[in-house]
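This is a predicted model, so every value here is computed, not measured.
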Amino acid sequence: MSYRTDLAVESLEAAARAGVRTDARHGVRQETRDIAGYSVTCVRIESDEGARAIGKPRGSYITLTLGGALRREQDAFPRAVDALSQQLSALLADTGEGPVLVVGLGNRDITPDALGPLTIENVLATRHLVGGALPYFKDWRAVSAVAPGVLGQTGVEVGELVCGILKTVAPRAVIAVDALAAGRLSHLLRTVQLSDAGIVPGAGVGNARFALDRKTLGVPVIAVGVPTVVDGATIASEITRQSGAACEALDDLGAPVFVTTRDIDREVAEVARVIGYAIDKALHPQLSVEDIDQFLS
């Protein structure tokens with residue numbers, strides 16, 4: 001049975017279990033710290049050897065554990081927004097103050113795949129205001145936000161649509177938000193992964209499409225993702241590994257089956273709000289959560 005995950009931290013664990021060397025000497029660095037009360041793990045893949053070992057492209061992969069935000073602890077939401085916006089700001093540091101395109105990937109009609117479109121509903125689109133007749137917005141960053149749908153809805157690859165928009169918007173960077181697949185149920189809708197390595201829509205569920213990265217788009221691409229499903233075969237593989245015994249019933253999970261949470265509707269909407277507000281704050285640091293509330297209302 002295969003082990004499928006989009007999370008770099010899980011891929012690193014899987015490689016270590018397989019006896020693959022994944023340390024600094026082999027081009028992989030890992031560090032964990034605390035930001036605003038949330039655990040942040042950064043995995044940096046610095047060599048082709050490390051990329052092969054982890055099964056991920058070279059780049060930085062930052063994972064925030066946001067369980068407290070979804071448990072609605074006191075001040076959890078603004079702290080989560082602050083922690084996530086800090087990481088986004090760091091990844092965008094070299095892009096200057098130019099325009100940014102935010103792309104919400106996924107199918108709005110399928111709840112586990114609706115993270116991207118729901119995030120766009122919480123992103124402040126300002127391109128039409130910056131440089132216009134309203135002086136209040138003259139110092140704001142020009143932001144465009146789109147949810148292009150999926151190939152089955154439009155008949156056009158998302159990458160082709162994004163390339164068309166790039167010609168008009170000419171952004172300095174692209175932020176792509178998409179749902180991911182995890183290897184563990186405990187990570188569903190509890191972690192956010194950011195990466196400067198771009199993203200391949202649909203890769204987590206075995207339906208890889210047009211890659212969105214610096215090579216294909218010509219500008220830095222920051223990927224933001226949250227795991228919303230776990231592959232059934234991966235669950236079966238983990239149970240078999242940890243129990244040390246074969247189980248005939250687990251073979252049924254070897255078919256294409258994806259598992260999600262009971263409260264997926266509420267949870268995906270909540271985490272989409274965290275990501276949307278964090279993007280707003282990273283691109284417009286002068287705004288508070290309360291300011292964003294007012295502009296989105």
Side-chain angles (χ1 to χ4, degrees), residues 6 8 40 42-45 56-64 81-106 115-117 119-131 137-148 157-180 192-201 203 209-226 272 274-287 292 295:
D6 290 320
V40 179
C42 181
V43 176
R44 293 186 179 88
I45 303 175
K56 304 289 182 188
R58 295 174 63 169
S60 295
Y61 298 82
I62 303 168
T63 303
L64 287 81
V81 170
D82 185 57
L84 190 54
S85 67
Q86 286 184 45
Q87 303 309 305
L88 273 170
S89 296
L91 292 174
L92 290 166
D94 295 333
T95 64
E97 297 298 323
V100 171
L101 172 64
V102 184
V103 182
L105 302 170
L115 176 71
T119 296
I120 292 301
E121 294 180 2
N122 294 284
V123 173
L124 296 172
T126 60
R127 179 173 174 266
H128 59 302
L129 301 173
V130 175
F137 296 100
K138 66 182 181 65
D139 296 325
W140 286 44
R141 195 162 188 173
V143 178
S144 303
V146 296
E157 285 280 5
V158 170
E160 295 172 333
L161 289 170
V162 172
C163 286
I165 296 172
L166 288 179
K167 295 177 181 179
T168 299
V169 175
R172 295 290 298 274
V174 172
I175 300 175
V177 183
D178 198 9
L180 306 178
V192 181
Q193 177 176 272
L194 301 90
S195 174
D196 59 6
I199 193 168
V200 180
R209 313 303 306 179
F210 188 110
L212 302 180
D213 55 27
R214 188 163 194 156
K215 181 179 179 180
T216 59
L217 300 185
V219 297
V221 177
I222 308 303
V224 183
V226 174
V274 172
I275 296 172
Y277 276 56
I279 292 173
D280 292 332
K281 192 164 180 58
L283 299 178
H284 311 290
Q286 75 275 19
L287 298 181
I292 298 171
F295 281 110

Do [X] and [Y] come close enough that some side-chain heavy atom pair is under 4.5 Å?
{"X": "Asp280", "Y": "Val123", "result": "yes"}
{"X": "Leu283", "Y": "Leu124", "result": "no"}
{"X": "Val158", "Y": "Leu105", "result": "yes"}

Contact summary for [X] and [Y], nearest pair of heavy atoms:
{"X": "Ile45", "Y": "Tyr61", "value": "CD1-CE1, 3.7 Å"}
{"X": "Arg127", "Y": "Ser144", "value": "CD-OG, 3.1 Å"}
{"X": "Leu217", "Y": "Cys163", "value": "CD2-SG, 3.7 Å"}
{"X": "Ile199", "Y": "Ala176", "value": "CG2-CB, 4.0 Å"}
{"X": "Ala170", "Y": "Pro99", "value": "O-CG, 4.0 Å"}
{"X": "Lys281", "Y": "Leu287", "value": "NZ-O, 2.9 Å"}

Test item: [X] side-chain N/O and [Y] main-chain N/O as donor-acceptor pair under 3.5 Å:
{"X": "Ser195", "Y": "Ala223", "value": "no"}
{"X": "Asp196", "Y": "Ser60", "value": "yes"}
{"X": "Gln87", "Y": "Leu194", "value": "no"}

State the [atom1]-[atom2] distance between [X] and [Y], to the nearest 0.5 angstrom.
{"X": "Arg172", "Y": "Asp94", "atom1": "CZ", "atom2": "CG", "answer": "10.0 Å"}
{"X": "Glu160", "Y": "Ile165", "atom1": "CD", "atom2": "CD1", "answer": "12.5 Å"}
{"X": "His284", "Y": "Ile279", "atom1": "NE2", "atom2": "CD1", "answer": "10.5 Å"}
{"X": "Leu166", "Y": "Leu161", "atom1": "CG", "atom2": "CG", "answer": "11.0 Å"}
{"X": "Cys42", "Y": "Leu64", "atom1": "SG", "atom2": "CG", "answer": "10.5 Å"}
{"X": "Gln193", "Y": "Thr63", "atom1": "CD", "atom2": "OG1", "answer": "4.5 Å"}

Original post:
Parallel, tilted or perpendicular: which fits the ring planes of Trp140 and Phe295, with parallel below 30° and perpendicular above 60°?
Top reply: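 The rings of Trp140 and Phe295 stand perpendicular, inter-plane angle above 60°.
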
**OP:** Would you check, one step at a time, whether the test side-chain contact (heavy atoms from CB on, under 4.5 Å) holds for Val224 with Leu88?
**Re:** CA-CA 9 Å; Val224 183; Leu88 273 170; 4.0 Å; yes

Subject >> Residues in side chain to side chain donor-acceptor pair (under 3.5 Å) contact with Arg141, at least two apart in sequence or another chain >> reply: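 Only Thr95 meet the side chain to side chain donor-acceptor pair (under 3.5 Å) criterion with Arg141.
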
**OP:** Identify, with sequence neighbours excluded, every residue that meets side chain to side chain donor-acceptor pair (under 3.5 Å) alongside Asp82.
**Re:**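 By the side chain to side chain donor-acceptor pair (under 3.5 Å) rule, Asp82 matches Gln86.
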
Original post:
Judged by modelled atom types alone, do Thr119 and Asn122 share a side-chain donor-acceptor pair under 3.5 Å?
Top reply: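 Asn122 and Thr119 do not have a side-chain donor-acceptor pair below 3.5 Å.
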
